[in-house]
Amino acid sequence: MSEQTPFHSSLSLATNPEPRCPCVLLLDTSSSMSGAPIEELNLGVQLLMDELSQDSLASKRVELAVVTFGTTVQIACDFTPPSAFIAPHFSADGPTPMGEAVLRGCQLLEARKAEYRQAGLQYYRPWMLLITDGEPTDADSESWTRAIKAVHEGEAAKRLLFFGVAVNDANQRMLDSLCPPQRPSVKLKGIHFGEMFRWLSSSLKGVSTSSPGTKLQLPSPNAWITIET
Amino acid sequence: MPIFDESGKAWTVGEKIAAGGEGVVHRVVEAPNFCVKIYHTIPLTTAKQDKLRALRSLPNAIRGHAALPVSLGFTREGDSNAHAAFMPFVGGHNIHELYNPQGRQVHFGDATFEFLIAAARNLAVAFENLHAHGVVVGDVNEQNIKVLPDGRLNFIDCDSFQISHNGRVFTSDLGTPIWTPPELQGISMQGLMRTQNHDLFGLAQLIFLLLFAGRYPFAGRPVGNTQLSPDEAIKRHAFAFDPTPPVRLLEPPPGAPPLESLPPAICLLFLRAFRAASASARPTASEWVEELRNLASSLKRCSALPAHIYWSGALQCPWCKVLRTAHIDLFQGIPSPSPPQVGLPTSQDGLDLADALSDLRLEARQLSAPPQAVLSAAVANALPAGQKPGGWLGNLQLFGMRERFVAKQIAEIQSQLKIAEDRLNWLRSQAFVLFSRYEAEAKQLLEDAPDLVEALRNKSGVNVRALEKLHALKREQALQTHLRNYKIDEASIRGIGNSRKATLAAHGVVTAADVHQARLESLPSFGEALRDRITAWRDECERSFRFPPFNRVPDAERNKWSELVQAEVARLMTRGRQITANVARLQSSYANEFAKFQNEYAQEYTNRAVFQAKIAVLRT
Ligand SMILES: Nc1ncnc2c1ncn2[C@@H]1O[C@H](COP(=O)(O)OP(=O)(O)OP(=O)(O)O)[C@@H](O)[C@H]1O
């Protein structure tokens, strides 16, 4: 017996059957981000979209979703191709429910992957990039332990690539307990979100074109990370 | 700074075309047909320079298919270390812009299936030529082949070819996982000796993509729990369209044309290219050239939608099938949307089309009497002047028989007159039936017209308004997404306890996005006070929603939107033109059928006039 196909996903599939590379941004919009950091973050996300839209192959393959965490955990944008993305405007307020945000991101990813499978679309290992300037306010909750488990298991099974980026006074020790052991968090230079998002854009572009038989080669992040000496 | 060629001549570096992993490609100011690639690693290794020289000396026969270097480039005259290479500039677009339906619509406008076959054949011809001269492309991929508007193709990035020169082999060293044949998956490309059979995997995949509207042969719906990465799918020969695979890992994706919409000879070539046995002998470029030529000469046009062209042996039009199952028209024959303009363009054509559409209707035609002159002529013809009908009857007068004869004559003509009159009435009723039949058909054709007219007027009108509407729409979407984050379940609203929450949920009110006055009013046990509190909670949730107002939307964003609007207008216009054309077709067949009735009517009308005239004369 054949199954019914949801109209929507077959629509985008039939006009663009390129393999997809989903990427979730988890953005800290707690009150400590207010002022310059949140403004830079807004500009940075816009820059990421612009850079990706200009690459005609990447714009057919990369899909972005944005989850913000502050007063609540919110899906600011579900998976969209860069050219159709209208950057939401983030404002900063509230605590830092980081664990819950990670879980929400994972949920989004699972749902999207199911849609890909249903539509017969290939996809690359999904990316998840978390940016925070604080520490999880839900660290005592079950969400936090479940989030750590989701990231570590996803990484181990090669189902996920997780990147943690610490801004200003972020508690990097906490962030590192979330990050996969082989890829600890990195610290952003000042609030140079632009450079970081440019790096993300060129890394994503490289996902489908890197050479076989070699490890995924990412461009150097030196332009935007602080290396502790 | 100029770049010197091997003869010592200096050239000015022009505008940058693009940057790649190995170097940046620029135009050459004095030679618009050439470009120069300036490598990142300076100076180039001797091996690389030797390879560039070897490429430069390849026979001219393959220059028509590949942008081979024409000279090395140097920073100083007489320098011995090259850092650049000159090569012909290749126009057109990357091949993925042709096979991907979205890219095709933007860059190749109304390219038909016939065009795709021609391009596929040209591609096979290019491989045939390179292979005949011992070249292995190596890094076959979607960004190294450019297609010209006339369907010819060229390889670029030729310094990744694998060639042998004077007994020395220069390997390609590059590869791309989704273009790598199964037997090489996971192997490092550095220094690897590749064969033409490896290339033939990439060729078959490119041809598949061109003929299957951008579908990858190894992408499909996973069967059971199999989850294959793109590279694994290739490695495991999971050709989704294989009708009889040893183990089925993937099913053909929904909305893809079926394999059997192509001739069996071509299907067999695909099977030979993608099945496990392929590692030894994939179809050669010449085999593809041959079969694609056969295909090109056995195409037909779909009777329902003429933009659909397909193999004449197929049972049904594959593109109609996709249209029915996935609701996507892969060949609409739409012209590509005009390039984005600065500012906010209006589309006069769209408005004109809307006007034309709104006036479109099938007018009833009335049967008309032939002109008086025709009637008089016919009467005159039947009753020559001075001659009375039955004039010879005069002789009978004597015998007093005239009256009887005349009466009989009149009775005879009167019965003919009656027949003519019946016939005229019948024709009038038939003309009416004919019109009703066509009118019903026209109504069907015009069913969407009012909506289309409105959409066209809205979208192609003053575009600022269209953009404002789009902005409002995007804002509304974003607002709904925002509101969906607030669950009633988790909210504390005075008077709404768990049981009321359950009632709300049972009626589909789960998040703030579901709160609508009308819906609340349909709930029996919720009084006005409760309703107001729920609405107030929803408004509270909306308060934290942020969306840039229309005048603060960045220009780049607005341009993007106006592109969206334009693409939408283009789509609406295609639909509108289809309707206009269909109605015009209907009108002309109505006119044809009506003309037959009209002829008969005119004939019968004339007969009647003649009969009447005869009777009148007989009575005198
Ligand atoms: N002959 C040419 N004519 C027109 N454009 C060209 C030509 N050669 C290269 N380009 C443009 O420059 C880009 C980079 O060129 P090329 O692929 O040769 O560089 P590369 O450094 O080897 O890149 P990659 O890392 O993609 O292999 C191409 O994608 C293409 O857009």
Side-chain angles (χ1 to χ4, degrees), chain A residues 2-7 9-19 46 49-50 53 56-57 59-60 68 70-78 81 83-91 93-94 104 113 116-125 158-159 206 208-214 217, chain B residues 94 96-97 100-103 105 141-143 174-178 180 184-189 213-216 218-222 227-231 233 240 250-256 322 325-328 330 474 478 481-482 484-486 544 546-548 553-554 556-557 560-561 564:
Chain A
S2 48
E3 278 173 73
Q4 294 193 32
T5 344
F7 173 75
S9 63
S10 56
L11 184 93
S12 62
L13 172 71
T15 55
N16 177 22
E18 283 299 305
Q46 185 61 55
M49 302 304 157
D50 291 347
S53 318
S56 92
L57 201 55
S59 65
K60 293 193 183 83
T68 56
T71 311
T72 53
V73 172
Q74 285 200 18
I75 299 165
C77 169
D78 204 338
S83 55
F85 185 91
I86 295 193
H89 191 86
F90 312 117
S91 48
D93 204 7
R104 184 66 68 89
K113 288 194 318 198
Y116 293 153
R117 282 195 287 268
Q118 181 66 16
L121 208 64
Q122 298 184 316
Y123 56 87
Y124 292 96
R125 193 167 162 187
K158 295 199 186 299
R159 272 188 283 113
S208 58
T209 54
S210 64
S211 233
T214 53
Q217 301 249 323
Chain B
N94 282 343
H96 65 83
E97 306 284 21
N100 181 280
Q102 279 179 5
Q105 204 201 323
N141 70 51
E142 71 287 64
Q143 304 196 81
L174 293 169
T176 314
I178 55 167
T180 301
L184 297 184
Q185 283 290 334
I187 295 175
S188 163
M189 298 289 146
R215 296 286 171 172
Y216 282 81
F218 299 93
R221 268 197 198 160
Q227 195 44 63
L228 301 172
S229 71
D231 324 355
L250 298 173
E251 279 180 13
V322 172
T325 53
H327 310 278
I328 284 290
L330 288 168
K474 299 255 180 206
T481 315
H482 172 86
R484 268 197 292 280
N485 284 310
Y486 296 89
S544 56
R546 298 279 177 276
F547 200 78
V553 174
E557 196 59 47
K560 233 186 275 169
W561 292 6
L564 282 180

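Below, chains carry the letters A, B, ... as their sequence lines are ordered, and counting in each starts from 1.
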Residue part contacting chain B, namely of R104(A), when any heavy atom lies under 4.5 Å: side chain
Chain A contact via A233(B) - side chain, backbone, both or neither, heavy atoms under 4.5 Å: side chain
Region of E251(B) that comes under 4.5 Å of a non-hydrogen atom in chain A: neither
Atom of P254(B), atom of A119(A) and distance for their closest heavy-atom approach: CD-O, 3.7 Å
Step-by-step side chain to side chain contact (heavy atoms under 4.5 Å, CB included) determination, E18(A) to Y216(B): CA-CA 8 Å; E18(A) 283 299 305; Y216(B) 282 81; 2.8 Å; yes
Rounded distance (nearest 0.5 Å) linking atom CZ of R215(B) with atom CG of L121(A): 8.0 Å
Residue pair A213(B) / P17(A): nearest heavy atoms and the distance that separates them: O-CG, 3.7 Å
Q227(B) vs R117(A) side-chain heavy atoms within contact, under 4.5 Å: yes
Any side-chain heavy-atom pair of S91(A) and S544(B) under 4.5 Å: no
Inter-residue atom distance N485(B).CG - T68(A).OG1, 0.5 Å rounding: 7.5 Å
Per-residue contact mode, K60(A) against chain B (heavy atom under 4.5 angstrom): side chain
Residue selection (most heavy-atom pairs with chain A, distance under 4.5 Å) from I178(B), T481(B), N94(B): I178(B)
Contact class of Y486(B) relative to chain A, heavy atoms under 4.5 angstrom: side chain
Contact class of D78(A) relative to chain B, heavy atoms under 4.5 angstrom: neither
Region of Y123(A) in contact with chain B, defined by heavy-atom distances below 4.5 Å: both
Pairs of heavy atoms under 4.5 Å with chain B: top-ranked of Q122(A), M49(A), H89(A): Q122(A)
